[in-house]
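Down below is the structure, laid out as structure tokens.
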Amino acid sequence: VVQTWLARRAGAPGSLSLAVTVVLFVALSLAGGIAYDGFLAPQVFLNLLIDNAFLLVVAVGMTFVILTGGIDLSVGAVVAFTTVLLASLVQHHGWHPLGAASLALLLGTGFGATMGLMIQRYRLQPFVVTLAGMFLARGAATLISVESIGIDDAFQRAVAGMRIPLGGGTSLSVGAVTALGVVAVATLVARSTQFGRTVYAIGGSESSAALM
């Protein structure tokens with residue numbers, strides 16, 4: 001009985017945070033609907049996903065990091081570096097968007113893997129390593145360009161403008177659908193694979209060590 005009570009108490013803060021978030025979202029949506037005509041249209045909410053699809057992908061990666069009890073301060077700077085690199089390669093150097101995107105993903109993955117290796121192998125603090133990584137990625141992005149770079153490549157524009165109809169006059173972009181696919185795959189990995197179970201186990205071990 002005591003263990004059950006403690007388990008419920010341990011889960012309560014997370015449930016409370018989720019409940020508060022949902023209530024605030026609903027309240028703000030209703031306020032917007034009252035103040036502005038058409039604010040509660042389904043496409044308005046889908047546009048939130050379309051405009052922030054990349055943040056959803058970042059959040060998936062950060063979820064695994066946080067589950068292990070770690071932290072990564074470099075994600076925003078790495079996103080900035082890889083995207084400005086991609087834009088520069090396509091717009092200024094004539095690369096095809098798929099090739100530029102592949103290189104950007106490879107460099108971003110290698111950057112993160114290098115920091116992870118330093119943290120794991122040399123027992124360095126994640127805060128320190130990722131803080132240094134943040135400044136390094138931010139500096140690299142600045143070296144490429146200090147201004148935003150627009151892309152007028154026909155393929156890039158076609159993909160960015162493509163919409164997948166959902167019915168009722170609503171649609172999602174390719175990026176948003178891709179982000180939802182990443183969430184689905186990550187959920188499957190976290191719940192149904194040995195890797196996912198290991199992530200949760202590591203996080204549990206870190207929490208136990210912190211309590212001791």
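Sequence positions, counted from 1, serve as the residue numbers for this chain.
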> Out of curiosity, does Leu49 fall in the hydrophobic cluster containing Val177 (side-chain heavy atoms, cut-off under 4.5 Å, transitive links)?
Replying inline: yes
> Same cluster for Leu98 and Val182 if Ile/Leu/Val/Met/Phe/Trp/Tyr side chains link at under 4.5 Å?
Replying inline: no
> Do Thr193 side-chain atoms and Gly196 backbone N/O form a donor-acceptor pair below 3.5 Å?
Replying inline: yes
> Backbone N or O of Leu85 within a donor-acceptor pair of the Ser88 side chain at under 3.5 Å?
Replying inline: no
> Side chains of Met62 and Asp72: closer than 4.5 Å at any heavy-atom pair?
Replying inline: yes
> With the 4.5 Å side-chain cut-off for hydrophobic clustering, are Tyr36 and Leu28 part of the same group?
Replying inline: no
> To the nearest 0.5 Å, what is the distance between CG (Leu136) and CE (Met115)?
Replying inline: 9.0 Å
> Is Phe127 reachable from Ile66 through a run of I, L, V, M, F, W or Y residues, each pair having side-chain heavy atoms under 4.5 Å apart?
Replying inline: no
> Is there a donor-acceptor pair closer than 3.5 Å between any side-chain N or O of Asp153 and the backbone N or O of Gln156?
Replying inline: yes
> If you measure from CG on Leu86 to OG on Ser102, what distance do you get to the nearest 0.5 Å?
Replying inline: 9.0 Å
> How far apart are the closest heavy atoms of Thr82 and Ala104, and which atoms are they?
Replying inline: CG2-O, 3.5 Å
>> To check you understand the geometry: which heavy-atom pair defines the closest contact between Ala53 and Gly175, and what is its length?
In response: CB-O, 3.6 Å
> Can you tell me how far CG of Asp152 sits from CZ of Arg157, rounded to the nearest 0.5 angstrom?
Replying inline: 7.0 Å
> Should the heavy atoms of other residues, nucleotides or ligands under 6.0 Å from CZ of Phe45 be counted, would the total exceed 12?
Replying inline: yes
>> If you compare all heavy atoms of Gly33 against all heavy atoms of Leu40, which two are closest, and at what distance to 0.1 Å?
In response: CA-CG, 3.7 Å
> Measuring from Ser192:OG to Arg197:CZ, what's the distance to the nearest 0.5 Å?
Replying inline: 8.0 Å
>> If the condition is side chain to side chain contact (heavy atoms under 4.5 Å, CB included), which residues does Ala80 pass it with, not counting sequence neighbours?
In response: none
>> Within the structure provided, determine whether Thr83 and Ile149 are in side-chain contact (heavy-atom separation under 4.5 Å).
In response: no
> Are the side chain of Thr68 and the backbone of Val65 linked by a donor-acceptor contact shorter than 3.5 Å?
Replying inline: yes
>> Within the structure provided, determine whether Leu180 and Leu172 are in side-chain contact (heavy-atom separation under 4.5 Å).
In response: yes
> Quick one: are His96 and Phe155 in side-chain contact, heavy atoms under 4.5 Å?
Replying inline: yes
>> Around atom CD of Gln125, are there more than 12 heavy atoms from other residues, nucleotides or ligands closer than 6.0 Å?
In response: no
> Quick one: are Ile144 and Phe81 in side-chain contact, heavy atoms under 4.5 Å?
Replying inline: yes
>> I'd like to know if the side chain of Thr130 and the backbone of Leu73 have a donor-acceptor N/O pair within less than 3.5 Å.
In response: yes
>> Are Val129 and Tyr122 packed together at the side-chain level, in the sense that at least one heavy-atom pair is separated by less than 4.5 angstrom?
In response: no
>> Which heavy atom of Ala100 sits nearest to which heavy atom of Val90, and what is that distance?
In response: CB-CG2, 3.7 Å
> Closest heavy-atom contact between Ile50 and Ser173?
Replying inline: CG2-OG, 3.6 Å
> Taking only residues two or more places apart in sequence, or in another chain, which ones meet Phe39 in a ring-ring contact (aromatic ring centres under 6.0 Å, His included)?
Replying inline: none
>> Is there a side-chain contact between Ile164 and Ser171 in this structure, where contact means two heavy atoms from C-beta onward sitting under 4.5 Å apart?
In response: no
> Looking at Ile119 and Pro126, what are the two nearest heavy atoms and their distance?
Replying inline: CD1-CA, 3.7 Å
>> To the closest 0.5 Å, what do you measure between CZ (Phe25) and CG (Leu30)?
In response: 10.0 Å
> Are Val79 and Phe64 joined in one hydrophobic group, where the rule is that I, L, V, M, F, W and Y side chains link up if heavy atoms are under 4.5 Å apart?
Replying inline: no
>> Within the structure provided, determine whether Thr187 and Val183 are in side-chain contact (heavy-atom separation under 4.5 Å).
In response: yes
>> Can you tell me how far apart CZ (Arg163) and OG1 (Thr170) are? Round to the nearest 0.5 Å.
In response: 12.0 Å
